[in-house]
Amino acid sequence: MTERQLIQEILNTVDVIYNFVNTDDDKKEYEIVINRQDGDHRPLENVNKEIKDYFTEANFSYNEELNDNGDDIHVQVKR
């Protein structure tokens, strides 16, 4: 499984909408915009914590900004 596939698996597990903004597969660095789905009433902090826990468990660094430019979470991950 590639890093990108693992990232997609994690984000699909948490059930969020995401978009890769900037990627460098060679350096294994990914910038992702994440939003909760319509009707998702989970607090943003809880969603972020769940995502962060999965990424940390998979040995990714995880640097996030909550409520960034109208998006719920703007994150940079690196392996």
Side-chain angles (χ1 to χ4, degrees):
M1 180 178 289
T2 67
E3 276 77 20
R4 186 185 293 251
Q5 290 171 324
L6 180 56
I7 291 168
Q8 291 172 323
E9 184 70 26
I10 290 170
L11 295 173
N12 288 333
T13 298
V14 181
D15 200 22
V16 292
I17 299 168
Y18 59 91
N19 187 31
F20 288 90
V21 177
N22 192 8
T23 63
D24 188 334
D25 291 321
D26 293 331
K27 291 184 180 179
K28 300 179 182 179
E29 296 177 349
Y30 304 88
E31 183 178 350
I32 310 162
V33 171
I34 302 169
N35 288 290
R36 290 170 289 183
Q37 294 192 34
D38 290 342
D40 186 348
H41 300 292
R42 296 177 291 174
L44 183 57
E45 293 78 14
N46 292 1
V47 173
N48 182 59
K49 182 182 180 323
E50 185 176 352
I51 294 169
K52 188 172 189 172
D53 289 346
Y54 278 116
F55 276 108
T56 302
E57 187 176 305
N59 295 318
F60 281 92
S61 66
Y62 184 89
N63 297 310
E64 77 275 12
E65 294 178 35
L66 300 181
N67 294 314
D68 183 53
N69 294 325
D71 296 312
D72 286 343
I73 307 169
H74 191 123
V75 64
Q76 294 180 333
V77 295
K78 182 177 179 180
R79 194 160 204 201

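Worth saying up front: this structure is predicted, and the values here are computed from it rather than measured. Along the sequence shown, residues carry numbers from 1.
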Novice: Might you point out which heavy atoms bring Leu6 and Ala58 nearest each other, and give the distance in Å?
Specialist: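 Taking every non-hydrogen atom into account, CD2-CB, 3.9 Å.
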Novice: Any donor-acceptor pair under 3.5 Å linking the side chain of Asn22 with the backbone of Glu31?
Specialist: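 Absent.
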Novice: Identify whether Tyr62 and Val33 are in the same connected component of the hydrophobic contact network (ILVMFWY, side-chain heavy atoms under 4.5 Å).
Specialist: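 Tyr62 does not cluster with Val33.
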Novice: Suppose we screen for side-chain hydrogen bond (donor to acceptor under 3.5 Å, both in side chains). Which residues come up paired with Glu64, at least two apart in sequence or across chains?
Specialist: Asn48
Novice: Can you check whether Ile51 reaches Ile34 side chain to side chain, under 4.5 Å on heavy atoms?
Specialist: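 Heavy-atom side-chain distance check passes, below 4.5 Å.
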Novice: Measure the spacing between NZ of Lys28 and CD of Glu3 and express it to the nearest 0.5 Å.
Specialist: 4.5 Å
Novice: Quick one: does any side-chain atom of Asp71 pair with a main-chain N or O of His74 as donor and acceptor, under 3.5 Å?
Specialist: no
Novice: Could you measure the distance from the NZ atom of Lys78 to the CZ atom of Phe55? Nearest 0.5 Å is fine.
Specialist: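 With rounding to 0.5 Å, NZ (Lys78) is 15.0 Å from CZ (Phe55).
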Novice: Would you say CG of Asn46 has more than 12 non-hydrogen atoms from neighbouring residues, nucleotides or ligands within 6.0 angstrom?
Specialist: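 Counting other residues, nucleotides and ligands, CG of Asn46 exceeds 12 neighbours.
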Novice: Test Ile7 against every option in Thr2, Val77, Val75 by the side chain to side chain contact (heavy atoms under 4.5 Å, CB included) rule and name the one that passes.
Specialist: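 Per the side chain to side chain contact (heavy atoms under 4.5 Å, CB included) rule, the option paired with Ile7 is Val77, out of Thr2, Val77, Val75.
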Novice: Whether the side chain of Arg42 engages the backbone of Arg36 through a donor-acceptor N/O pair (distance < 3.5 Å, no angle test) should be reported.
Specialist: no
Novice: Run the side chain to side chain contact (heavy atoms under 4.5 Å, CB included) test on Asn67 and Leu44 for me, step by step, so that the C-alpha distance in whole Å, both residues' side-chain angles and the decisive distance to 0.1 Å come before the verdict.
Specialist: CA-CA 9 Å; Asn67 294 314; Leu44 183 57; 3.5 Å; yes
Novice: Please round to the nearest 0.5 Å and tell me the distance separating atom CG of Asp38 and atom CD1 of Ile17.
Specialist: 6.0 Å
Novice: Under a 4.5 Å cut-off applied to non-hydrogen side-chain atoms, are Tyr54 and Glu9 in contact?
Specialist: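 No, every pair of side-chain atoms sits at 4.5 Å or beyond.
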Novice: Is it the case that over 12 heavy atoms from other parts of the model lie below 6.0 angstrom from the CD atom of Gln5?
Specialist: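 Correct, the count exceeds 12.
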Novice: Distance check, rounded to the nearest 0.5 Å: Leu66 atom CG versus Glu45 atom CD?
Specialist: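 If we round to the nearest 0.5 Å, Leu66:CG and Glu45:CD are 6.5 Å apart.
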Novice: Hey, what do you get for CG (Asn63) to NZ (Lys52), rounding to the nearest 0.5 Å?
Specialist: 8.0 Å
Novice: Is there any ring-ring contact (aromatic ring centres under 6.0 Å, His included) pair reaching into residues 7-43, and which pairs are they, with sequence neighbours excluded?
Specialist: none
Novice: Show, in sequence, the C-alpha distance, side-chain angles and deciding distance for Leu11 and Ile32, and conclude whether the side chain to side chain contact (heavy atoms under 4.5 Å, CB included) test is met.
Specialist: CA-CA 10 Å; Leu11 295 173; Ile32 310 162; 4.1 Å; yes
